[in-house]
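Bear in mind the structure is a predicted one, so any value in this text is a computation, not a measurement.
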Amino acid sequence: EPDWGQPVRHPRSVENPAYEQNVDDYHSLSVGDVDAGFAAADHVLEAEYRSPRVDHCNLDSHCVVAEWEGDTLVCTETIGNTTNTEQTLGRFLGEAYDVRVESAPHSGSSFGGRSLATLTLEPVAATLARETGRPVKLWFDREDDFTAGDARHPATVRVAAGATDDGDLTTLAIDVVADTGAYPNGVGHIVLSQARDRPIELYGVDNYRFEGVSAFTNNPPAGEYRGIGIAQVAWALESGLDELARQAGFDPVAFRRANWVESGDDLPHTDVPVGSCGLEECLERGREAFASLRADAGAARASDAGAARASDARAARASDARAARASDAGAARNDATTGDSTVVYGRGVAAGVNATTPAGPGHGDYSEARVVLDPGGRLEVRSPDVELGQGSETVLAQMAAEETGLPLDRIDVVDAAPDDGVEDRYGSIGNRTTYLTGRAVVDATGRLLARLRERVVETGALDAPADRLSVADGALRGPDGE
C-alpha cells in the first residue's frame, strides 16, 4: 500500500478489493454468521444514510503566537491537547528542535476543534518567527476557520438489519465510507474504530459485521468533532432501526428495549463484559421528562388561548386601528399555540454509546494533578487540563472541596506549570477531564489529608488517632469537633 504519511495506529490489511486507492484507514469486524442471521429474519431493512461535513464554529477562531528560544519552539495557542500538539509539531520539525506548547488563558469552546494541531497554522507561524527572529501571531478569521481548519468527517453509512416477528434482532451489518479530506492526521482511525465498536456495545446481536474505510479526497481535512465517529453511525443505525420497526409493526421503544445489552452480557469483540448499564434508567428519565414537557405545553397552550381570547375581546371593543392590529396579532398567536395544523410536533427515541477516553488496546490513558496547601489554608489544584468553556475548573474545585471538606472559596484551580511535573496523555478531549483528572485530584487530596492527619498526630496537636480526624469549617478537627 502507498505510504501517505499517516500515523501508524494499528496493523492494517484491506480485505475489500473495492478499496484500493486513496485509503487512509480501514477497519473490519465479523461476529457470528450474518448471512444466517438474515435467513432467520422475518423482516429485513437495507438503507443508506449520509451525514455532511459539519464545522465546530467555536466562539473564537484558531490563533497561535509562535516564538523561538534558541532551538525550542514555544507556541501559545487555542488548543486543548498540549501533549499531542507537542508530539505532532515535534515530528513535523524533526529531532533538531524541541517544542513547548502552552494553552491560551481563555478559549471560547472546542467540541473537538481544539484537539489537534492545525498544520496550516502552527508551522507557518513557526517558520515566520524563525526567519524574522521575532514572535509571530497568526490567527484565522471565520472563513479561514472553515476552509483551513478541520471538521466532522462526512460519511456514507449503509445499514442492513434483520428481525423476527417476535422483535428479536437477528443480524446487523454496517458499512461506512468516511471522507478524511486531503491530508492524514490519524483521526480516520478513530472514526472507524468508534463506528465499528459502538453498535455491538449497545445491541446484543449475535451476528454482526462491520466494514469501514476512510478515504482521501480533495476536500478540506476532517478531524475530531464531538463524538468522533459515533454521531455518524448512531444517527444511521437508530434511523434504520426506526424504519425496521415501522416496517414490521413494532413499537420502536419496545423493540430497542428487547435488544439492548444488559449488565453482565459478554461483548463478543472484547474480553470485558458489560460492567454496568443505565439504558433503562435513561429511558425512564426520558419518559418522565417528555411527560412533564407535554403537561407544561398543554398548560401553556390553555393559558395562551385564554389570554388571546381576552385580548380579542378587548380589541373588539376598541375603535382605533392600533387595537385592531393587536387583535390580528393575538389571533395569529392563538393559531400557533393552540395546536392547529400550522404547528407539528414530533418526538422520537434514540440511544447511543460514547467513550470517556481515547484509550484502547495498545495505548492507555492517564492524567495527573498536584495539590498544594498554603499556610493560610487555601488549596491550590494544579491541573494539566485546559479550560475550554466546559466547566472543568468548577468541577475539579468541587471534587477537591468534597474530598477535603474545604469551602469552594478556599480552592483555586490553576494550570500546571512545566516544572510541576504533572503529565497528561490526551488533554481536554473525549469527556475525560472529570473521570481521569478528577480522579487524580481526588487521589492527590486524599494523600494530602492523610499526611496532614499523620502530622497532627505526631505533633500532638489533637489527642485522637489519625483516622478519627476530619475537616470541618476549613480546619482539621477531632471526633469531639475541637
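A donor-acceptor pair under 3.5 Å links the side-chain atoms of Arg432 to the main chain of Tyr366, judged by distance alone. Side-chain atoms of Ser214 come within 3.5 Å of backbone N or O of Asp25 as a donor-acceptor pair. Using modelled atom types, no side-chain atom of Glu69 and backbone atom of Leu73 make a donor-acceptor pair closer than 3.5 Å. Put simply, the side chain of Glu122 never gets that close to the backbone of Leu89: no donor and acceptor are under 3.5 Å apart. Between the Arg410 side chain and the Gly377 main chain, a donor and an acceptor come within less than 3.5 Å of each other. For the pair Asn185 (side chain) and Ala222 (backbone), a donor-acceptor distance under 3.5 Å is present. Although no hydrogens or angles enter the test, the distance criterion places no donor-acceptor pair under 3.5 Å between the side chain of Ser61 and the main chain of Arg142. In this structure, Thr120 contributes its side chain and Ala148 its backbone to a donor-acceptor pair below 3.5 Å. The closest donor-acceptor contact from the side chain of Glu224 to the backbone of Val187 lies at 3.5 Å or more, if one exists at all. With hydrogens and angles disregarded, no donor-acceptor distance shorter than 3.5 Å links the side chain of Glu48 to the backbone of Arg158.
The shortest non-hydrogen separation linking Arg256 to Glu238 is NE-OE1, 2.6 Å. Here the closest heavy-atom approach between residue Ala440 and residue Ser367 is recorded as CB-O, 3.7 Å.
Contact check for Ile200 versus Pro268: side-chain heavy atoms found under the 4.5 Å cut-off. Within the 4.5 Å cutoff, no side-chain heavy atoms of Val395 are placed close to those of Thr433. Contact annotation: the side chain of Val157 never approaches that of Ser51 to less than 4.5 Å [non-hydrogen atoms, C-beta and beyond]. Contact check for Tyr97 versus Trp68: side-chain heavy atoms found under the 4.5 Å cut-off. Annotation: side chain of Glu423 is not in contact with side chain of Pro384 (no heavy-atom distance under 4.5 Å). Under the 4.5 Å side-chain criterion, counting only non-hydrogen atoms from C-beta, Leu202 is in contact with Leu279. Using a 4.5 Å cut-off on side-chain heavy atoms (C-beta onward), Val159 and Leu244 make no contact.
For Ser109 and Asn58, the side-chain atoms include at least one donor-acceptor pair closer than 3.5 Å.
Glu262 CD to Arg257 CZ: the interatomic distance, rounded to the nearest 0.5 Å, is 10.5 Å. Atom CG of Leu128 is separated from atom CZ of Arg130 by 13.0 Å, given to the nearest 0.5 angstrom. The structure places CD1 of Ile174 at 5.0 Å from CG of Leu237, a figure rounded to the nearest 0.5 Å. How far CG of Leu59 is from CG of Leu388: 11.5 Å, rounded to the nearest 0.5 Å.
Using cut-offs of 30° and 60° for the angle between ring planes, the Tyr49 and Trp235 rings count as perpendicular.
We find that Glu380 and Arg378 are not joined by a salt bridge, their nearest charged nitrogen and carboxylate oxygen being 4.0 Å or further apart. Between Arg209 and Asp35 no salt bridge is recorded (no basic side-chain N to carboxylate O distance below 4.0 Å). The pair Glu201-Arg198 meets the salt-bridge criterion, with a side-chain N (NZ, NE, NH1 or NH2) lying under 4.0 Å from an Asp/Glu carboxylate O. Residues Arg447 and Asp443 are paired through a salt bridge, judged by an N-O separation under 4.0 Å between the basic side chain and the carboxylate.
Around the CZ atom of Phe146, the shell of radius 6.0 Å holds more than 12 heavy atoms that belong to other residues, nucleotides or ligands. Remark: Arg53 CZ is packed, more than 12 non-hydrogen atoms of other residues, nucleotides or ligands lying under 6.0 Å away. The environment of CD in Glu95 is sparse: at most 12 heavy-atom neighbours from other residues, nucleotides or ligands sit within 6.0 Å. The number of heavy atoms from other shown groups lying within 6.0 Å of CD (Glu280) is above 12. Within a 6.0 Å sphere centred on CZ of Arg134, heavy atoms belonging to other residues, nucleotides or ligands number 12 at most.
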*Please test Arg114 against Asp60 for salt bridge (Lys or Arg N to Asp or Glu O under 4.0 Å), starting from the C-alpha separation and ending with a verdict.*
CA-CA 11 Å; Arg114 302 288 186 253; Asp60 53 352; 2.8 Å; yes
